[in-house]
Every structure is written in C-alpha cells, then in structure tokens.
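Below, all heavy atoms of this structure are taken into account, side chains as well, without hydrogens, waters or symmetry copies. Computed from a predicted structure; not experimentally measured.
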Amino acid sequence: MLFDLRGRHRRRAVKFTYVGLALLIGGGLSFASQIKKYEKQIKAQPSNVAAWEKLTAAQLHESGGEAFENATTGAPTAKGKELFTQASHSWESYIALNPPKPSLELAKLMLRVYGAEGLNQPASAVQVLQLVVAAEPKNASYYAALAEYAYKAKNIRVGDLASGKAVSLAPPKERARVKTELEGVKKAPEGGALTTTTNGTTYTGKPNSKGGFVGTAVKTTPQPAKGTTTKTSTAKSK
C-alpha cells in the first residue's frame with residue numbers, strides 16, 4: 001500500500017532515525033543513564049520542554065535495544081511495550097506544554113508506538129499524524145495513514161477529509177488504487193475482509209501485519225458475447 005508505514009523498510013528508516021537521535025541526546029549506547037538523567041531534571045523542572053523532548057527520545061532509543069525488540073520481526077517485546085507506555089506518557093507531557101515547534105522527528109517515531117504492533121492506540125496516532133501533515137502538507141502517504149488511523153479510531157469526519165487529501169496528492173496513476181484501499185479500510189477498519197481491484201482483477205482478503213494485503217482472486221462467470229445465441233437441446237419423448 002502507498003501508506004505502508006509499518007513494513008520492514010519503514011522499520012529500517014526508524015532505526016536510522018534512532019542513530020540520528022543518539023547524536024542529538026549525547027551519543028553512545030547508555031540510554032538508560034540518559035533516561036535517569038532527564039527524569040531527574042524533569043522532577044526538578046516539570047515544565048522543562050526540552051527535558052521532556054529529550055526524555056522521549058531517550059526512551060525511544062532504549063526501546064530499540066535487544067531486550068525490547070524482537071530481532072526477527074522487529075516487533076516490540078513485552079518490555080518494549082512497557083517502554084512504549086513510558087514514551088507515550090513523556091510525549092503527551094511534552095505536547096501538553098505547547099512547544100512552539102513540536103519535534104517532527106519524534107512525532108514520526110511515535111507512530112510506531114501507537115501503531116498496531118505497539119500500543120495499538122489509533123486515536124493517539126491520529127493526533128500525532130495531524131502534527132505531521134501540518135508540517136508536511138504535500139505528503140500523500142501521511143494523509144493516507146491519517147485516514148487509516150482515523151477510521152480505526154471511528155473518527156469518520158477526519159478519515160474522510162484525510163482520505164480525500166491522500167487521493168488528490170497521490171500520483172495520478174495511483175489515485176484509483178489509493179481511493180479503493182482507503183474505502184476498504186473505512187468499511188473494515190478492524191481488518192475484516194476487504195475487496196480491491198488490481199489490473200482489472202478483483203481480490204478479496206485481509207490486510208496483513210506489515211500493511212500489505214493478502215487475498216485471492218474472485219472468480220466470475222464470463223458473460224456471453226453480444227450477438228451470440230445459446231443453443232438448447234430438447235429431449236423428445238418416445
């Protein structure tokens with residue numbers, strides 16, 4: 001899907017971003033000590049916006065460690081989800097202080113925290129994505145992701161608005177596909193059976209855990225060509 005933010009390529013991008021954040025918060029691999037440092041600073045200065053931002057970054061770094069992430073799937077472990085919960089609290093505390101320019105880098109990383117593999121909180125993902133699309137108003141993928149999470153959060157109005165933007169911003173050749181996929185998410189936000197058409201073939205199935213689609217082609221009975229007649233035979237009774 002155009003709006004796949006959860007696949008392996010996205011996880012790789014997230015890992016690269018973690019490296020960049022490491023430089024921002026002092027480098028090295030001692031994220032636990034960084035967490036303690038900023039927790040202590042926040043205790044003394046609970047309204048310190050920079051400290052909350054750096055604490056969130058440090059917690060996200062730590063969540064990428066071996067004890068917090070499955071090396072094979074990239075999904076968070078039980079300990080990883082506990083750290084995600086802490087990062088969520090830190091992020092919300094940071095945003096509550098109304099920073100003049102919220103960190104776009106951190107916002108994008110928080111999508112994994114609130115995604116299906118993380119805390120599975122679509123309403124929180126919607127709030128994060130609204131910050132992201134405000135900063136990147138020409139990005140079709142993020143608008144599509146906003147629509148997806150809004151539908152999952154049962155926020156139809158935001159979902160429809162974001163869906164419309166995603167379709168209009170998508171490349172012309174992709175617009176029909178994006179529209180169909182988002183309509184499918186709207187109909188089955190919890191991952192029920194979806195129907196999509198690709199290259200003239202209709203498929204029915206379900207979205208997988210990586211944001212893709214697994215389904216089978218729908219068999220249809222071909223209609224007789226126009227201008228032809230169907231011959232029938234009648235058995236004569238003796």
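Of the inter-residue distances, the one linking Arg177 atom CZ with Leu182 atom CG reads 9.5 Å to the nearest 0.5 angstrom. Between Asn155 atom CG and Gln127 atom CD the span is 10.0 Å, to the nearest 0.5 Å. Atom OG1 in Thr85 sits 7.5 Å away from atom CD in Gln121 (nearest 0.5 Å). For the atom pair Lys108 NZ and Tyr142 OH, the distance stands at 4.0 Å (nearest 0.5 Å). Considering NZ of Lys154 and CD1 of Ile156, their distance stands at 8.5 Å, rounded to 0.5 Å. Expressed to the nearest 0.5 Å, how far CD of Glu62 lies from CD of Gln34 amounts to 10.5 Å.
Linking ILVMFWY residues whenever their side-chain heavy atoms come closer than 4.5 Å, directly or via other members, places Val113 and Tyr38 in the same cluster. Residue Met110 is grouped with residue Ile35 when hydrophobic side chains (ILVMFWY) are merged at heavy-atom distances under 4.5 angstrom, including chains of intermediate members. Both Val158 and Ile95 are members of a single hydrophobic cluster when ILVMFWY side chains are connected at heavy-atom separations under 4.5 Å. Two different hydrophobic clusters hold Leu119 and Phe68 under the rule that ILVMFWY side chains link at heavy-atom gaps under 4.5 Å. Using a 4.5 Å cut-off between side-chain heavy atoms of Ile, Leu, Val, Met, Phe, Trp and Tyr, with links allowed through other members, Leu111 and Leu83 fall into different hydrophobic clusters.
The backbone N or O of Asp160 lies less than 3.5 Å from no partner atom in the side chain of Ser163, so there is not a single donor-acceptor pair. Within the 3.5 Å criterion, the main-chain N or O of Trp52 finds a donor-acceptor partner in the side chain of Thr56. At distances below 3.5 Å, at least one donor-acceptor pair connects side-chain atoms of Tyr94 with backbone N or O atoms of Ser103.
Arg157 is listed as a side-chain neighbour of Leu161, based on a closest heavy-atom distance under 4.5 Å. Leu104 is listed as a side-chain neighbour of Glu136, based on a closest heavy-atom distance under 4.5 Å. Within the 4.5 Å cutoff, side-chain heavy atoms of Arg112 are placed close to those of Pro76.
Classification of Glu183 and Lys186 as a salt-bridged pair fails, no side-chain N sitting under 4.0 Å from a carboxylate O. Taking a cutoff of 4.0 Å between a charged side-chain nitrogen and a carboxylate oxygen, Lys152 and Glu148 qualify as a salt bridge.
The nearest pair of heavy atoms linking Ala107 to Val132 is CB-CG2, 4.0 Å.
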### Message
Working note: Val128 + Tyr149, criterion side chain to side chain contact (heavy atoms under 4.5 Å, CB included); need CA distance, chi angles, decisive distance, verdict.
### Response
CA-CA 10 Å; Val128 171; Tyr149 282 113; over 6 Å; no
